[in-house]
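First listed ligand is number 1; within each ligand, the first listed atom is number 1. All heavy atoms count here, side chains included; hydrogens, waters and symmetry mates do not. Computed from a predicted structure; not experimentally measured.
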Amino acid sequence: DMSEEEQAFQARIDAGVKIEPKDWMPEAYRKTLIRQISQHAHSEIVGQLPEGNWVTRAPTLKRKSILLAKIQDEAGHGLYLYSAAETLGVSRDELLAALHAGKAKYSSIFNYPTLTWADIGAIGWLVDGSAIINQIPLCRCSYGPYARAMIRVCKEESFHARQGYDIMMKLAQGSPEQKAMAQDALNRWWWPSLMMFGPSDAESVNSAQSSAWRIKLFSNDELRQRMVDQTVPQAEFLGLTIPDPDLKWNEERGHYDFGEIDWEEFYNVLKGNGPCNKDRLRTRVKAYEDGAWFREALVAHADKQASRKAA
Ligand code: ACO
């Protein structure tokens, strides 16, 4: 039983009209977008940390500059997304405060450690690869500022995925030790990457409403299947083995069947008990506190400029 306003809103969504910040929207639509966009923004920012761990140890100057550029891109993605969230009437300070207090979620994937250089390859290939699969449909989602932010984000993510695959290729074609390193990274990142797509459709509490509002155009399981189908041939090309004994092409479905995800591990990471949750949060809070002097200086400078103009 929707109100007349809600019916008109739903009709616009159904007709494929983009919703803009000043349009009327149901409070629950606003809330769900703030939830998703802010979680997404936090993921981009926290996602810099596992990779930042390897900037000083990149094997060549070229690899180092590529990695630096990629990490900077992630900061930019966070900024576009916080800005998109702000159009919904929430401030960046509030969002950051929720992250720093451990109340806001960010993607489970960034709570895993980067143990070797091959992890940087695996992240680009599998994590950014998954991010693209999840985010391409978001370019067509119903909320204008979010959809538009996603277009540029996806272009940059494609570069990230490509550089990751390039690292994997180099290692897979290298010495036996290098190939083993690539295999080990694939073993550790494969299942957490599948978890990025969220709980199974049966357990996904937000899916029905988000699909009706065209925030979600494909379900968690549909996108996860797309990731598996796309990645298996890429692993074969590298000569690496996906760590799933149940992985098998299903002729009838036209898709790969794959093994059961360890959902207990997933929910445990969401609760804050993953291998790096505490470390990630501590690092973010420290970065924020260490940057206080700079934020204060910016405000002081802006105040000075304003008073000069007034004089
Ligand atoms: N990590 C952490 N939390 C997750 C994850 C995950 N991988 N998957 C789902 N969740 C959370 C949801 O945020 C939701 O929590 P909440 O209700 O407390 O907010 C809960 O688990 C239940 O999941 P769903 O009902 O399926 O939630 P939703 O409809 O929001 O779908 C999804 C989850 C697919 C992640 C969606 O929010 C989305 O597409 N987000 C945009 C993409 C994104 O955030 N990517 C970040 C990683 S990629 C990158 O930054 C490089």
Side-chain angles (χ1 to χ4, degrees), residues 28-29 31-51 70-71 73-82 84-85 95 98-99 102-112 122-143 146-147 149-150 153-154 156-161 164 189 191-227 261-263 265-274 276-277 280:
Y29 177 82
K31 256 182 89 178
T32 215
L33 277 172
I34 291 175
R35 177 184 68 77
Q36 176 166 328
I37 299 173
S38 64
Q39 288 176 357
H40 194 166
H42 298 326
S43 303
E44 301 283 356
I45 298 298
V46 177
Q48 297 179 102
L49 300 177
E51 295 182 300
K70 175 197 191 298
I71 295 171
D73 286 350
E74 308 295 2
H77 298 175
L79 296 185
Y80 315 150
L81 285 160
Y82 285 126
L95 299 177
L99 174 68
K103 287 186 200 147
K105 289 197 171 80
Y106 57 85
S107 184
S108 52
I109 193 74
F110 301 120
N111 294 304
Y112 291 84
I123 289 179
W125 174 34
L126 303 172
V127 176
D128 296 320
S130 296
I132 294 169
I133 291 170
N134 166 271
Q135 288 168 19
I136 289 278
L138 290 174
C139 298
R140 292 185 289 124
C141 79
S142 61
Y143 190 56
Y146 193 26
M150 280 302 113
V153 167
C154 285
E156 293 177 349
E157 291 296 350
S158 304
F159 156 63
H160 300 170
W189 289 92
W191 291 105
S193 297
L194 293 191
M195 294 175 196
M196 283 176 70
F197 294 89
S200 71
D201 292 350
E203 302 293 324
S204 169
V205 288
N206 300 302
S207 274
Q209 184 58 70
S210 288
S211 304
W213 279 331
R214 293 182 64 81
I215 294 168
K216 263 188 168 164
L217 301 183
F218 299 95
S219 79
N220 296 2
D221 287 334
E222 281 169 339
L223 294 176
R224 190 169 10 247
Q225 180 73 60
R226 199 172 285 181
M227 186 296 196
I261 288 171
D262 182 351
W263 292 115
E265 174 181 328
F266 173 72
Y267 286 111
N268 207 35
V269 173
L270 259 60
K271 273 189 236 142
N273 303 323
C276 300
N277 293 60
R280 299 289 182 242

Peer 1: Can you figure out which of Pro199, Ser211, Gly198 has its heavy atom closest to atom 23 (O) of ligand 1?
Peer 2: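 Shortest heavy-atom distance from atom 23 (O) of ligand 1: Pro199.
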Peer 1: Tell me which protein heavy atom sits closest to atom 35 (C) of ligand 1, plus the residue, atom name and distance to 0.1 Å.
Peer 2: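 Protein heavy atom with the smallest distance to atom 35 (C) of ligand 1: Met196 O, 4.2 Å.
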Peer 1: Can you pull out every side-chain hydrogen bond (donor to acceptor under 3.5 Å, both in side chains) where at least one residue sits in residues 123-137? Sequence neighbours excluded, please.
Peer 2: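 Pairs touching residues 123-137 that pass the test: His40-Gln135, Lys70-Asp128, Trp125-Gln234.
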Peer 1: Could you find the nearest protein heavy atom to atom 15 (O) of ligand 1 and give me its residue, atom name and distance?
Peer 2: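 The closest heavy atom on the protein side is Lys105 NZ, 3.3 Å.
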Peer 1: Note the single closest protein heavy atom to atom 27 (O) of ligand 1, along with its residue, its atom name and the distance in Å.
Peer 2: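 Here the closest protein heavy atom is Asn206 ND2, 3.2 Å.
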Peer 1: Just by distance, with hydrogens left out, do Tyr146 and Gln36 show a side-chain donor and acceptor under 3.5 Å apart?
Peer 2: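 There is such a pair between these side chains.
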Peer 1: Regarding ligand 1, does Val205 bring an N or O atom to under 3.5 Å of one of the ligand's N or O atoms?
Peer 2: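 Between Val205 and ligand 1 (N or O atoms, distance only) the closest approach is under 3.5 Å.
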Peer 1: Heavy-atom distances under 4.0 Å are what count here, so tell me which part of Asn220 touches ligand 1: side chain, backbone, both or neither.
Peer 2: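 Answer for Asn220: side chain.
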Peer 1: Does the Lys NZ or Arg CZ of Arg280 fall within the cation-pi geometry relative to Phe110 - under 6.0 Å from the ring centre and within 45° of the axis?
Peer 2: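 Here Arg280 fails the 6.0 Å and 45° test against Phe110.
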Peer 1: Answer side chain, backbone, both or neither: which part of Leu270 comes under 4.0 Å from ligand 1, heavy atoms only.
Peer 2: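 Side chain only.
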Peer 1: Identify the heavy atoms of Pro137 and Ile133 that sit nearest to each other, and give their distance.
Peer 2: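 Looking at all heavy atoms of both residues, the shortest contact is CD-O, 3.2 Å.
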Peer 1: Between the side chains of His160 and Glu157, is a donor N or O closer than 3.5 angstrom to an acceptor N or O?
Peer 2: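 Result is yes, a qualifying pair exists.
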Peer 1: If you measure from each heavy atom of Tyr267 to ligand 1, is any distance below 4.0 Å?
Peer 2: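 Judged by the 4.0 Å heavy-atom criterion, Tyr267 does not count as contacting ligand 1.
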Peer 1: How does Gln135 reach ligand 1, by side chain, by backbone, by both or by neither, if only non-hydrogen atoms under 4.0 Å count?
Peer 2: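 It is the side chain that gets close, since no backbone atom is under 4.0 Å.
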Peer 1: Which one of Ser210, Ser204, Ser211 satisfies the side chain to side chain donor-acceptor pair (under 3.5 Å) criterion with Ser207?
Peer 2: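 When Ser210, Ser204, Ser211 are each tested with Ser207, the side chain to side chain donor-acceptor pair (under 3.5 Å) holds only for Ser204.
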Peer 1: Which of the listed options, His42, Gln209, Gln39, Gln48, holds the heavy atom that is closest to atom 19 (O) of ligand 1?
Peer 2: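 Selected option, by shortest heavy-atom distance: Gln39.
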Peer 1: So, does Ser38 use its side chain to make a donor-acceptor pair with the main chain of Arg35 at under 3.5 Å?
Peer 2: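 Yes: the side chain of Ser38 pairs with the backbone of Arg35.
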Peer 1: Side chain, backbone, both or neither: which applies to His40 and ligand 1 if a contact is any heavy-atom pair less than 4.0 Å apart?
Peer 2: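 The part of His40 near ligand 1 is both the backbone and the side chain.
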Peer 1: Do you know which two heavy atoms are closest between Ile132 and Ala161, and how far apart they sit?
Peer 2: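 Of all heavy-atom pairs spanning Ile132 and Ala161, the closest is CD1-CB, 3.9 Å.
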Peer 1: Please identify which atoms of ligand 1 are closer than 4.0 Å to at least one heavy atom of Met195.
Peer 2: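 Once the distances to Met195 are compared, the set is 7 (N).
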Peer 1: Look at ligand 1 and say whether Gly47 reaches it with a heavy atom at a distance under 4.0 Å.
Peer 2: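 Contact absent.
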Peer 1: For Ser200, is there any backbone N or O sitting under 3.5 Å from a side-chain donor or acceptor partner on Asn220?
Peer 2: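 It does not hold such a pair.
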Peer 1: Within the side chain of Gln48, is there an N or O that forms a donor-acceptor pair under 3.5 Å with the backbone of Ile45?
Peer 2: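 Yes, Gln48 side chain to Ile45 backbone: donor-acceptor pair under 3.5 Å.
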Peer 1: Within the 4.0 Å heavy-atom shell around Tyr146, which atoms of ligand 1 are there?
Peer 2: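 Result: 41 (C).
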Peer 1: Does Asn134 approach ligand 1 within less than 4.0 angstrom via side chain, backbone, both or neither, non-hydrogen atoms only?
Peer 2: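 Answer for Asn134: side chain.
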Peer 1: Would you mind checking which non-hydrogen protein atom is closest to atom 40 (N) of ligand 1, with the distance to 0.1 Å?
Peer 2: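 Scanning the protein heavy atoms, the shortest distance from atom 40 (N) of ligand 1 goes to Gln36 NE2, 3.4 Å.
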Peer 1: Which residues pass the salt bridge (Lys or Arg N to Asp or Glu O under 4.0 Å) test with Asp262, not counting sequence neighbours?
Peer 2: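 If we apply the salt bridge (Lys or Arg N to Asp or Glu O under 4.0 Å) test to Asp262, skipping adjacent residues, there are no hits.
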Peer 1: Which atoms of ligand 1 have any heavy atom of Ala131 under 4.0 Å away?
Peer 2: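 So the atoms of ligand 1 that pass are 48 (S), 51 (C).
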Peer 1: Which protein non-hydrogen atom lies closest to atom 47 (C) of ligand 1, naming both residue and atom, and how far is it?
Peer 2: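 Atom 47 (C) of ligand 1 sits closest to the protein heavy atom Ser107 CB, 3.6 Å.
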Peer 1: Among all protein non-hydrogen atoms, which one is nearest to atom 5 (C) of ligand 1, and what is the separation to 0.1 Å?
Peer 2: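 Looking only at protein heavy atoms, the one closest to atom 5 (C) of ligand 1 is Phe266 CZ, 3.7 Å.
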Peer 1: Check Ser108 against Phe266 and note the closest heavy-atom contact, atom names and distance.
Peer 2: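 Here Ser108 and Phe266 meet closest at OG-CE1, 4.0 Å.
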Peer 1: Under a heavy-atom criterion of less than 4.0 Å, does Glu203 contact ligand 1?
Peer 2: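 The answer is no: ligand 1 sits nowhere under 4.0 Å from a heavy atom of Glu203.
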Peer 1: Identify the protein heavy atom lying closest to atom 26 (O) of ligand 1, giving its residue, its atom name and the separation to 0.1 Å.
Peer 2: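 Going atom by atom, the protein heavy atom closest to atom 26 (O) of ligand 1 ends up being Ser204 OG, 2.6 Å.
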Peer 1: What protein heavy atom lies closest to atom 6 (C) of ligand 1? Include the residue and the distance to one decimal.
Peer 2: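 It is Ser108 OG, 3.5 Å.
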Peer 1: Checking Arg224 side chain against Gly198 main chain: does a donor-acceptor pair fall under 3.5 Å?
Peer 2: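 Pair found, side chain donor or acceptor close to backbone of Gly198.
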Peer 1: Has Lys216 got any heavy atom lying under 4.0 angstrom from an atom of ligand 1?
Peer 2: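 Heavy atoms of Lys216 do come under 4.0 Å of ligand 1.
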Peer 1: Given the protein's heavy atoms, is any one of them under 4.0 Å from atom 9 (C) of ligand 1?
Peer 2: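 Given the 4.0 Å cut-off, atom 9 (C) of ligand 1 counts as touching protein heavy atoms.
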Peer 1: Could you check whether any side-chain N or O of Ser107 sits under 3.5 Å from a backbone N or O of Ser43, counting only pairs where one atom can act as donor and the other as acceptor?
Peer 2: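 Side chain of Ser107 to backbone of Ser43, a donor-acceptor pair under 3.5 Å: no, none is there.
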